[in-house]
Each structure stands twice: as C-alpha cells, then as structure tokens.
Amino acid sequence: MPPEQLGEVLALMGDSVDNIPGVPGIGPKTAAQLIQQYGDVETVLAHAEEIAKPKLRQSLIDHADNARMSRELVRLVCESPLPEPLDSLEMKGIPPEPLRAFLEEQGFKSLLARLAGNSQVQAPSASAQPVQREVRPEPKIDRTSYETVTSLEALDRWIAEAVKSGLVAVDTETDGFDCVTAKLVGISLATECGKACYVPLEHGGHDLLFERPEQIPAATALARLKPLLEDPAILKIGHNFKFDWIVLDRRGICVAPVDDSLVMSFNLDAGGLNSHSMDDLAKKHLDHDCLTYKEVCGTGQKQIKFNQVPLDRATEYAAEDADVTLRLWTRFRTRLPHERVTRVYEMVDRPLVPVVARMEREGVKVDREELTKLSREFSIQIVALEERICGEAGCSFTIGSTQQLGEILFNQMGLKGGRKGKSGTWSTDVNELERLSREGVPIASLVLEWRQLTKLRSTYTDALQQQINRETGRVHTSYSLSGAQTGRLSSTEPNLQNIPIRTEIGRRIRDAFVAEPGFVMLAADYSQIELRLAAHMAEVPQLKQAFAEGADIHNLTAQELFGAVNRDTRASAKTINFAILYGISRWGLAGRLGVTAEEAQMIIDRYFERFPGIQNYIADTLGKVRETGFTTTLFGRKTHFPSIRAKNQGERQGAERAAINAPIQGTSADIIKRAMVRMGPALEREGLGAVRMLMQVHDELVFEVPQDAVEAASAVIRRVMETAAEPAVSLSVPLGVDIGTGPNWGAAH
DNA sequence: GAAGTCACG
DNA sequence: ACGTACGTGACTTCA
C-alpha cells in the first residue's frame with residue numbers, strides 16, 4: 001500500500017486517532033469503510049452528499065473543514081517516526097502549544113497521549129507502528145530514460161504502476177495555450193522520481209507534411225486512462241493543474257483528487273519567489289534546467305505546434321515535466337506541514353483549483369453588438385476631442401504620447417507648476433491634468449476626457465470583442481492562483497477584474513456582460529470586508545460595534561475624527577479608513593487629503609486615539625514580519641517580505657506598508673475563496689445545480705441564475721458567503737453581503 | 001522591453 | 001528625507 005493511503009488508513013483505523021479526525025460520531029470502523037470505498041479523507045468529504053445515512057452525511061458535511069485540517073495533521077504525524085514527544089516538534093519549527101490545543105479540541109486522545117512527551121507510551125497496536133519508509137536515493141534527471149508509450153500493453157503497464165504507487169504526476173500537452181480551445185495532443189505520466197513516460201495521442205498531421213507516427217488512438221488511450229484519472233484512491237499531481245483539468249474535462253474526464261505543485265509553491269513561498277513556474281522551481285529546488293518550450297517548438301515564425309514535434313523529442317520534454325512535477329511535489333509536501341501552511345493549502349487553495357477551472361471553462365456571455373455600438377460611439381467623441389485638443393495646442397501631435405503632451409503643456413504653452421518624474425519627463429498623469437483643469441486650462445480636461453474614452457475603447461470595447469471565443473461564444477478569462485502575493489486571484493486575457501464601474505460612461509461596458517435567455521445575472525459582493533476584518537484583527541471595539549449595529553462606518557469615522565458628518569468630512573473619513581488598510585504615512589495621507597503633513601499626522605494621531613487597537617495591530621504586524629520575514633492571515637496564509645530588511649529606506653518602508661495590508665487583504669481573499677469552494681456543493685444540496693458561478697472580482701462573485709431560481713439561489717449564496725470563515729475562523733464582526741440581479745452585469749449592481 | 005497611464009478591488 | 005497609500009493587468013509610445 002502506498003505511503004499516502006497507508007498513513008490515512010493507519011490514522012483512521014488504528015489507534016492513533018479515535019474517529020475521522022474532527023468529525024464527531026464517526027468511529028474507526030465506519031471510517032475504515034469510507035476510506036476503503038473512497039480512498040482518502042478528501043474524497044470521502046467530496047462525496048459526502050452521496051452517503052445514504054442522513055446522520056453520517058450531515059456530520060461529514062458540517063465538519064468537512066475540521067476533517068481537512070486534521071488530514072494534514074495526520075499526514076504530518078504519520079511521516080514522523082512515532083512515538084515522538086510533542087515538544088520535539090519545536091525542532092521542526094512547529095510550535096507544540098497550538099498543536100496540543102488543536103489535538104485536544106479535536107479529540108485526538110490517544111495521539112495526544114503518544115505525543116505527550118512520554119516516549120514510553122507504546123502504540124496500542126502493531127498497525128500503528130512507525131511507518132518505515134524506504135529511503136532510496138533520488139536518481140538524477142535523465143531525459144533519455146523516459147518511455148514513449150505507443151501500445152496499449154505499455155499504457156496498461158504504466159497505469160498499473162500508478163495504481164501501485166498510489167499517485168501519479170500528470171501533464172498534458174496541447175497544440176495551444178488557450179485551454180478552452182486547445183487540442184489535447186499527448187499526456188505524460190510520472191509514477192516515481194525518474195520514472196516517467198509520454199503517451200502521444202495526436203502527433204503528426206493529416207496533411208502530407210507531417211506523417212502520423214504510430215500511437216494509440218486518442219479515444220482508446222483516454223478510455224483506458226479515465227478510470228485512473230478519476231480514481232479517488234489515486235492522487236494526481238500537476239503543476240498548474242487548472243490548465244490540464246480543463247483540457248481533460250473537455251474530453252469527459254473529471255480528474256480527482258488533485259495536488260498542485262504550483263499552488264503548493266505559492267503557499268510556501270508567496271512573496272519570496274518572483275516566479276513559481278516549473279522551469280524556475282526546477283532550477284531553484286532541483287538545480288536542473290528543464291528543456292524549454294522554445295527549445296522544443298522554436299519561436300516566432302518558425303514556431304511549430306507540439307503535435308508536430310518528433311516523438312522522441314516530445315517525450316523528453318513532456319515526460320521531464322511530469323518527472324520534475326513529481327520531484328517538486330515530494331519536496332513541497334514535507335515542507336507544507338513543517339512550515340505550517342497545510343491549513344491554507346488544504347482548506348483554501350487546493351480545493352479551489354477545480355472550482356476556478358470550472359469557472360474558466362464556463363466563461364461569460366458578452367454581447368458583441370453592444371460593444372460594437374459603444375466602440376462607434378466612443379470613436380465619434382474621440383475624433384471630436386482630438387480636433388479641439390489640437391486647436392487648443394495650436395498644432396497637431398500624438399496625444400497618446402506623454403512626452404509630446406508634456407512638451408506641449410509645459411514648454412510650448414508655458415503652463416506652470418509641472419513636476420518631473422524620475423526620468424526627467426513632465427508628469428501628465430490624472431492628478432496633474434486635474435490640477436490644470438481646476439486652474440481653468442481647457443486642454444487639460446479635454447485630454448482627460450480623450451484618455452478616458454480611448455482607454456475604454458482600446459482596453460474594453462475593442463479588445464473584449466476579440467476575446468469572445470469562437471466555439472463557445474463566451475469570454476473565458478484565466479485566473480492566476482499565484483498572481484497576487486497576498487493570496488488574491490488575478491485575471492488575465494482578458495482581465496475581468498478591472499471592468500469599469502466607477503464612471504457612468506465606463507459602467508455601460510458592464511451592460512454587455514449578459515445572461516443567457518432564461519437566466520439572470522446575480523452579483524453578490526461583500527460589504528466593506530477589509531474594514532470589517534481590520535476591526536476584528538485589530539480588535540477595535542468601536543468599529544466592531546458599529547459593524548454589529550449596521551452603522552455607516554465612514555460616517556462614524558467622520559464623527560469621531562472631525563466631530564461633524566457632512567459630505568466633506570465623510571469623504572475625508574473614507575480616505576483615512578482606506579489609508580489605514582494600506583499602511584498609513586503622513587505624507588501619503590497629506591497628498592490625498594490636500595493638507596500638510598503635520599495636519600495629516602494630527603489626524604492619524606486622532607484616529608489611533610479614537611480607535612485603539614489599530615496602532616497595536618500595526619506594531620505587532622511589523623514586529624512579526626521583521627522577526628520572521630513573513631505575515632500571516634487568519635487562515636495561515638503566508639506572504640514573505642524579503643525587503644523588510646532592505647538597506648534602502650524607501651524600499652523597506654514600502655515593504656512595511658505592504659506587510660500591514662497583506663494580512664487584511666489576504667484574509668479577505670481566503671474568505672471569498674472558501675465561499676467559492678463551498679458554493680457548488682451548497683447549491684447542489686438545495687437543488688440549484690443549474691446555477692453557474694462565472695466570475696470573481698476580489699470581494700464579489702457573479703452568477704448566472706435560472707430566472708425561476710433567483711430567490712432560492714440568493715438565499716444560498718448569501719448564507720455561504722456570510723458564513724464562509726466558519727468554523728475554522730470565528731470573526732467578532734458579521735460579514736455583510738449585498739446582492740443584486742438583472743439581465744446584465746451592469747443591472748445587477 | 002521599459003515607462004507611463006489608468007481600469008478594478 | 002521618501003512627490004509612497006495596498007494589490008493587480010492591459011494598452012500605448014518610444015528607445
């Protein structure tokens with residue numbers, strides 16, 4: 001039996017724990033049955049809905065998060081030679097106290113006893129003896145050792161290997177980078193370090209230039225691989241598996257369970273590494289240079305598609321990727337518990353992978369005609385503006401060139417008060433142009449308007465049309481799980497997280513994001529989530545109370561700071577509340593409020609005085625990040641800040657501000673990610689399987705909901721989002737969610 | 001490819 | 001003394 005499962009089964013059947021960890025009412029016998037049936041705890045939880053016995057089912061559903069957390073603990077404990085004194089965990093960087101508290105809370109009685117520092121306590125049964133793992137030196141990476149699988153017999157042999165080892169690293173090769181349309185051309189597998197193969201499926205072409213080499217027919221090979229890839233007892237490991245998951249899902253294979261070495265690396269080293277790409281990680285952790293895609297496929301005009309790569313070369317590249325993925329995974333999986341990031345990995349990011357994959361595959365419908373209409377409208381206005389701008393300038397020039405514009409404004413027209421940036425060029429950004437505009441310079445406001453319209457046209461109305469997928473008629477963004485150091489997602493090609501909303505004219509672009517006939521768009525967003533989290537994390541009594549009472553937080557701040565609530569004081573208060581979240585400085589605040597640094601300092605002092613707790617939060621956060629080099633969220637997500645010790649003061653202070661913000665922004669990201677993970681099963685449970693989750697915009701989730709299910713879906717969505725932190729984290733402030741619906745995204749706000 | 005600008009939370 | 005609020009991605013111009 002592979003160590004993965006052995007650990008699980010030992011832990012669950014043997015005497016080291018008393019039940020399915022964290023799930024009351026499930027004893028060893030039931031646990032063993034469930035494990036046998038599903039393979040591992042994660043899969044049991046994933047299939048909890050199917051379980052017939054209602055009490056058992058409900059218990060698993062209710063305590064899934066505890067079980068997930070415990071699962072990693074079990075993994076940790078099974079990796080150590082038992083019995084091991086609890087205090088010795090300190091040596092591995094695991095603080096024993098929180099662990100002891102957790103074990104007690106979860107009822108790990110016998111495990112606790114064995115870890116209690118008394119190494120005389122014997123394991124009660126033979127089955128719970130330490131897992132002796134065979135120590136085999138890892139072979140060097142040898143590209144020539146990989147096998148090209150072109151016969152069913154060979155494929156079956158590899159599948160048997162995967163079953164034997166209980167895990168398999170998987171990498172798919174395609175003829176493009178867009179996973180929603182790219183064609184699968186081959187799959188590589190690695191079952192042990194150094195033991196990898198490539199299964200070509202669609203190599204060669206149907207034209208005369210490329211002969212089709214011998215390979216198993218794709219449908220046949222996939223039919224053989226499907227049971228393995230869907231086998232709940234076999235762990236599939238990938239690097240950025242979201243891509244492969246979508247490619248395989250399109251071929252009718254729903255891969256599970258999945259580990260992702262990209263996500264693991266991100267959970268371990270966010271902020272500490274610029275890149276979590278396989279090539280860079282191989283260089284860093286394995287001291288190995290991978291074959292690059294360019295080396296295999298070429299670049300530019302001469303670039304070929306992967307299905308045109310000769311099989312021997314393709315095998316070297318593809319099998320190496322699977323081999324490297326597996327090697328990275330073996331390192332990361334032991335680091336996760338030791339560096340205390342298993343909780344965020346198991347509870348938040350790992351289960352998110354298939355959820356985000358589904359969302360990307362779903363896409364969102366965009367009304368092309370509406371965008372065309374807007375593009376035309378904008379173009380007419382842009383042309384008119386260009387004429388007036390050239391009139392004001394007295395000559396024709398490239399308005400989009402900041403160099404030329406600065407030259408015209410500050411040299412040719414001789415306007416005063418310009419400032420120059422690092423490169424010695426005139427600044428012409430929005431602040432500068434707004435200042436000129438206030439001073440009555442007509443060209444400034446014209447350029448601002450021109451910039452807004454050209455931005456909307458080039459980035460949104462024009463570009464978005466290009467992004468509509470030919471096959472699906474929808475726009476499929478790609479979410480990066482490692483994009484933002486704080487733990488947020490980021491969105492690319494296209495970026496759906498920066499669609500305009502702040503101005504009336506920009507907002508119209510959201511009207512082009514429409515629901516299918518019979519559906520409506522539903523947008524649900526957390527209200528002031530970061531301020532609420534700040535109130536909780538900094539333990540500010542007044543803020544917590546205000547959120548509990550549903551008070552307007554900016555008004556409250558205005559009252560406390562300025563003694564009066566009106567438009568101006570509220571606006572200032574709002575600015576200051578944000579400043580707090582972003583790591584305040586007197587100069588920054590002064591610039592934003594239009595006051596002197598001294599006045600800004602007075603306001604800051606007053607804020608700290610009126611909202612005690614904030615100052616401590618900042619001091620504690622900075623103290624911890626200076627000591628450890630990282631910050632943590634309420635879910636244990638780490639962000640590293642190497643610059644916190646920088647010699648350069650500006651760089652260091654930048655890191656300090658980011659470190660103050662990271663736990664708040666990161667916890668918010670954790671919470672919405674957990675809501676996303678739980679949303680699918682919660683909707684299913686209520687018979688709302690037709691509801692589609694389409695987009696995530698940091699504090700907002702967008703759905704496409706059948707018209708007749710809006711009420712029911714709203715209730716479920718609200719409940720899931722508002723309770724997303726529980727039970728792992730209990731907040732002292734309520735989370736508020738605003739929900740809107742309409743025929744399009746614009747109308748759903 | 002860097003710099004500047006600006007769209008979002 | 002730092003013309004800095006935090007976190008992103010896309011587009012344009014220009015070297």
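No hydrogens, no waters, no symmetry mates; every other heavy atom, side chains included, goes into these values. Letters A, B, ... mirror the listed sequences (proteins, then strands); counts begin at 1.
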Output the rounded distance in Å from [atom1] ([X]) to [atom2] ([N]).
{"X": "A:Met695", "N": "C:dG9", "atom1": "CE", "atom2": "P", "value": "18 Å"}
{"X": "A:Phe578", "N": "B:dC8", "atom1": "CZ", "atom2": "P", "value": "13 Å"}
{"X": "A:Gln404", "N": "C:dA15", "atom1": "CD", "atom2": "P", "value": "10 Å"}
{"X": "A:Leu464", "N": "B:dA7", "atom1": "CG", "atom2": "P", "value": "16 Å"}
{"X": "A:Arg586", "N": "C:dA5", "atom1": "CZ", "atom2": "P", "value": "16 Å"}
{"X": "A:Arg652", "N": "C:dA1", "atom1": "CZ", "atom2": "P", "value": "16 Å"}
{"X": "A:Arg592", "N": "C:dC6", "atom1": "CZ", "atom2": "C1'", "value": "10 Å"}
{"X": "A:Gln696", "N": "C:dT8", "atom1": "CD", "atom2": "C1'", "value": "12 Å"}

Between [N] and [X], is there an OP1 or OP2 to side-chain N/O distance shorter than 4.0 Å?
{"X": "A:Arg510", "N": "B:dC8", "value": "no"}
{"X": "A:Ser401", "N": "C:dC14", "value": "yes"}
{"X": "A:Thr428", "N": "B:dT5", "value": "yes"}
{"X": "A:Arg488", "N": "C:dT8", "value": "no"}

Which nucleotide in [options] has an atom nearest any side-chain atom of [X]:
{"X": "A:Thr425", "options": "C:dG7, B:dG4, C:dT4", "result": "B:dG4"}
{"X": "A:Tyr582", "options": "B:dG9, C:dA10, C:dT4", "result": "B:dG9"}
{"X": "A:Gln649", "options": "B:dA7, C:dC11, C:dA1", "result": "C:dA1"}
{"X": "A:Ser427", "options": "C:dT8, C:dC2, B:dT5", "result": "B:dT5"}
{"X": "A:Asn498", "options": "C:dG7, C:dC2, B:dC8", "result": "B:dC8"}
{"X": "A:Thr575", "options": "C:dA10, B:dC6, C:dA5", "result": "C:dA5"}

### Toward the 5' end of DNA chain C, by each residue's nearest nucleotide, A:Asn661 or A:Gln653
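Of the two residues, A:Gln653 wins.
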### Task
Please figure out whether A:Gln467 or A:Ile580 has its closest DNA chain C nucleotide nearer the 5' end.
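Closer to the 5' end of DNA chain C: A:Ile580.
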### Query
So, A:Glu386 and A:Trp450: side-chain donor and acceptor under 3.5 Å apart, yes or no?
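Judged by distance alone, the side chains do pair up.
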With a 4.0 Å cut-off, would you call [X] and [Y] a salt bridge?
{"X": "A:Glu627", "Y": "A:Lys624", "answer": "no"}
{"X": "A:Asp269", "Y": "A:Lys638", "answer": "no"}
{"X": "A:Arg350", "Y": "A:Asp260", "answer": "no"}
{"X": "A:Arg586", "Y": "A:Glu599", "answer": "no"}
{"X": "A:Arg488", "Y": "A:Glu530", "answer": "yes"}
{"X": "A:Glu362", "Y": "A:Arg358", "answer": "no"}

What is the nucleic acid contact for [X], judged by heavy atoms within less than 4.0 Å: base, sugar-phosphate only, or nothing?
{"X": "A:Ser491", "value": "sugar-phosphate"}
{"X": "A:Ile584", "value": "nothing"}
{"X": "A:Ala658", "value": "sugar-phosphate"}
{"X": "A:Asn495", "value": "sugar-phosphate"}
{"X": "A:Arg502", "value": "base"}
{"X": "A:Leu489", "value": "nothing"}
{"X": "A:Ala463", "value": "sugar-phosphate"}
{"X": "A:Gln403", "value": "sugar-phosphate"}
{"X": "A:Gly650", "value": "nothing"}

### Pair of N/O donor and acceptor under 3.5 Å linking C:dT4 base with A:Ser585 side chain
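Such a pair is found, so the answer is yes.
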### B:dA7 base / A:Gln497 side chain donor-acceptor hit below 3.5 Å
no
### Task
Determine the Euclidean distance between corresponding P atoms of B:dT5 and C:dT4; express it in Å to zero decimal places.
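Pairwise P distance, C:dT4 against B:dT5, rounds to 12 Å.
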### Query
Using atom P of each nucleotide, how far apart are C:dA5 and B:dC6 to the nearest Å?
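About 14 Å, rounded to a whole number of Å.
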### Query
When Watson-Crick pairs (N1 to N3 and N6-O4 or O6-N4) and G-U wobble pairs (N1-O2 and O6-N3) count only below 3.5 Å on both distances, what is the dot-bracket string of DNA chain C, with | for other-strand pairs?
.....|||||||||.
### Task
Could you walk me through whether A:Arg474 and A:Glu704 pass the salt bridge (Lys or Arg N to Asp or Glu O under 4.0 Å) test, one step at a time?
CA-CA 13 Å; A:Arg474 294 165 76 94; A:Glu704 206 172 14; 2.8 Å; yes
### Message
So, applying side-chain hydrogen bond (donor to acceptor under 3.5 Å, both in side chains) with A:Thr557, which one of A:Asn577, A:Thr569, A:Thr575 is it?
### Response
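Exactly one option meets the side-chain hydrogen bond (donor to acceptor under 3.5 Å, both in side chains) with A:Thr557, and it is A:Asn577.
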#### Entry: Heavy-atom closest pair, residues A:Arg451 and A:Asp429
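Smallest interatomic distance, heavy atoms only, reads NH1-CA, 4.1 Å.
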